[in-house]
Q: 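The structure under discussion is supplied below as structure tokens; questions concerning it will follow.
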Amino acid sequence: MRMPVRMDAVLVQALIAAALSFAHLHDLAAAAGQDGWKAWAYPVSVDLLLVAAWRRLRSGGSKAAGWCWFLVALIASLGANVATAGLLDLDAVPAWLRILVAGWPAVAFLGGTLLAHGPTEAPAPATELPSTAPVEPAPPSTTPVPPALVALAHKVADDHRARTGTDIDTHTLRARLGVPLPLAEAIAAQLT
């Protein structure tokens, strides 16, 4: 199923902000002695670290690493934006800033590696119950679910059932809605 791209004011604003931040990071890296392709690589590394951290935050797993690396990348981006706003003479970048810029690739590599290869929630293995065992219902979820999200989940589940002939499982529902696993479980409990 292909989702159409919806152009709206928020998306346009996000693209403009990303382009400006990208340019500020490039200008700061170039002023700190990183010329040519290296100056262009700095904004890419900051933005990719932000995206990796954001994905971890939305994964439904442990969020400590996600917040840590999101803040590191945000500070790098915000620092470049502020520094290039006239507060820093780009023709005379101080040594401490040159050191920070030169050390950034190692920091970004470490953060990206830890986020990409850190522990994530694995799907629970499917178990079969013996035919003589009573089936116990799952305990009620304490995660509050907005009614609009439950209504959307019903539409997604109905669409899945119409296309596949089977009920939607929790992990597919989570992927379709883009919500953390605990919220997907709470929604799935309300679909039955």
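Along the sequence shown, residues are numbered consecutively beginning with 1.
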Q: List the atom pairs, with distances to 0.1 Å, where a side-chain N or O of residues 23-45 and a protein N or O form a donor-acceptor pair under 3.5 Å, not counting sequence neighbours.
A:
from: His24; atom 1: ND1; to: Leu20; atom 2: O; distance (Å): 3.3
from: His24; atom 1: ND1; to: Asn81; atom 2: OD1; distance (Å): 2.8
from: Tyr42; atom 1: OH; to: Val101; atom 2: O; distance (Å): 2.9
from: Ser45; atom 1: OG; to: Tyr42; atom 2: O; distance (Å): 2.8
from: Ser45; atom 1: OG; to: Trp104; atom 2: NE1; distance (Å): 2.7

Q: Got a sec, which residues hit salt bridge (Lys or Arg N to Asp or Glu O under 4.0 Å) with Arg55, two or more places apart in sequence or on another chain?
A: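 In terms of salt bridge (Lys or Arg N to Asp or Glu O under 4.0 Å), with neighbours along the sequence ignored, Arg55 is linked to no residue.
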
Q: Let me check something: do Trp54 and Leu50 share a hydrophobic cluster, defined by ILVMFWY side-chain heavy atoms less than 4.5 Å apart, either directly or through other members?
A: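 Linked within one cluster.
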
Q: When you look at Trp69 and Leu110, which way does the side chain to side chain contact (heavy atoms under 4.5 Å, CB included) test go after all the steps?
A: CA-CA 10 Å; Trp69 291 108; Leu110 174 65; 4.1 Å; yes

Q: Which other residues end up in the same hydrophobic cluster as Leu78, if Ile, Leu, Val, Met, Phe, Trp and Tyr are linked when side-chain heavy atoms come under 4.5 Å apart?
A: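 Cluster partners of Leu78: Val82, Leu87.
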
Q: Can you list everything that forms a salt bridge (Lys or Arg N to Asp or Glu O under 4.0 Å) with Asp169? Sequence neighbours excluded, please.
A: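 With neighbours one apart ignored, the set is empty.
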
Q: Please name the pair of heavy atoms, one in Val156 and one in Arg176, separated by the smallest distance, quoted to 0.1 Å.
A: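 Where Val156 meets Arg176 most closely, the heavy atoms are CG1-CB, 3.8 Å.
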
Q: Within this structure, what is the CG-OG1 distance for the pair Leu191 and Thr170, rounded to the nearest 0.5 Å?
A: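 Spacing of CG (Leu191) from OG1 (Thr170) equals 8.5 Å.
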
Q: In Å, rounded to the nearest 0.5 Å, how long is the span from CG of Leu115 to CG of Leu57?
A: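 Output value for this atom pair is 8.5 Å.
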
Q: Please determine whether residues Leu48 and Val46 belong to a single hydrophobic cluster, defined as Ile, Leu, Val, Met, Phe, Trp and Tyr linked transitively by side-chain heavy-atom distances below 4.5 Å.
A: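 Each belongs to a different hydrophobic cluster.
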
Q: As an exercise, state the distance from CD1 of Ile168 to CZ of Arg174, rounded to the nearest 0.5 Å.
A: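 These two atoms lie 13.0 Å from each other.
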
Q: Would the distance check show the side chain of Arg58 and the main-chain N or O of Val179 forming a donor-acceptor pair, the cut-off being under 3.5 Å?
A: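 Flag not set: sc Arg58 to bb Val179 has no pair under 3.5 Å.
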
Q: How long is the gap from CD1 on Ile75 to CZ on Phe70, to the nearest 0.5 Å?
A: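 Ile75 atom CD1 to Phe70 atom CZ measures 10.5 Å (nearest 0.5 Å).
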
Q: Please check if Leu49 and Leu114 belong to a single hydrophobic cluster, counting links between Ile, Leu, Val, Met, Phe, Trp and Tyr side chain heavy atoms closer than 4.5 Å.
A: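 Yes.
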
Q: Could you go step by step and tell me if Leu173 and His160 meet the side chain to side chain contact (heavy atoms under 4.5 Å, CB included) rule?
A: CA-CA 9 Å; Leu173 183 65; His160 180 81; over 6 Å; no

Q: Consider only side-chain heavy atoms of I, L, V, M, F, W and Y, link residues closer than 4.5 Å, and tell whether Val150 and Leu152 are in one cluster.
A: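 Linked within one cluster.
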
Q: In terms of side-chain geometry, is the basic nitrogen of Lys155 or Asp158 positioned less than 4.0 Å from the acidic oxygen of its partner?
A: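 Looking at Lys155 and Asp158, the cut-off is not met.
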
Q: Could you tell me which non-hydrogen atom of Leu88 sits nearest to which non-hydrogen atom of Pro94, and how far apart they are?
A: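 Of all heavy-atom pairs spanning Leu88 and Pro94, the closest is CD1-CD, 3.5 Å.
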
Q: Inspect the contact between Asp159 and Arg163 and indicate whether a charged nitrogen and a carboxylate oxygen are less than 4.0 angstrom apart.
A: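 Yes, Arg163 and Asp159 are salt-bridged.
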
Q: State which residues pass side chain to side chain donor-acceptor pair (under 3.5 Å) with Ser21; sequence neighbours excluded, sorted by chain then number.
A: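 Partners of Ser21 by the side chain to side chain donor-acceptor pair (under 3.5 Å) criterion, ordered by chain and then number, come out as Ser77.
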
Q: Do you know the tightest heavy-atom contact between Val93 and Leu90?
A: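 Between these two residues, the closest heavy atoms are CG2-O, 3.7 Å.
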
Q: Let me see the working for Leu100 and Trp96 under side chain to side chain contact (heavy atoms under 4.5 Å, CB included), right down to the final yes or no.
A: CA-CA 6 Å; Leu100 285 177; Trp96 63 266; 3.7 Å; yes

Q: Not counting sequence neighbours, which residues clear side chain to side chain contact (heavy atoms under 4.5 Å, CB included) with Asp89? List them please.
A: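 Counting only residues at least two positions away or on another chain, Asp89 forms a side chain to side chain contact (heavy atoms under 4.5 Å, CB included) with Asp91, Ala92.
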
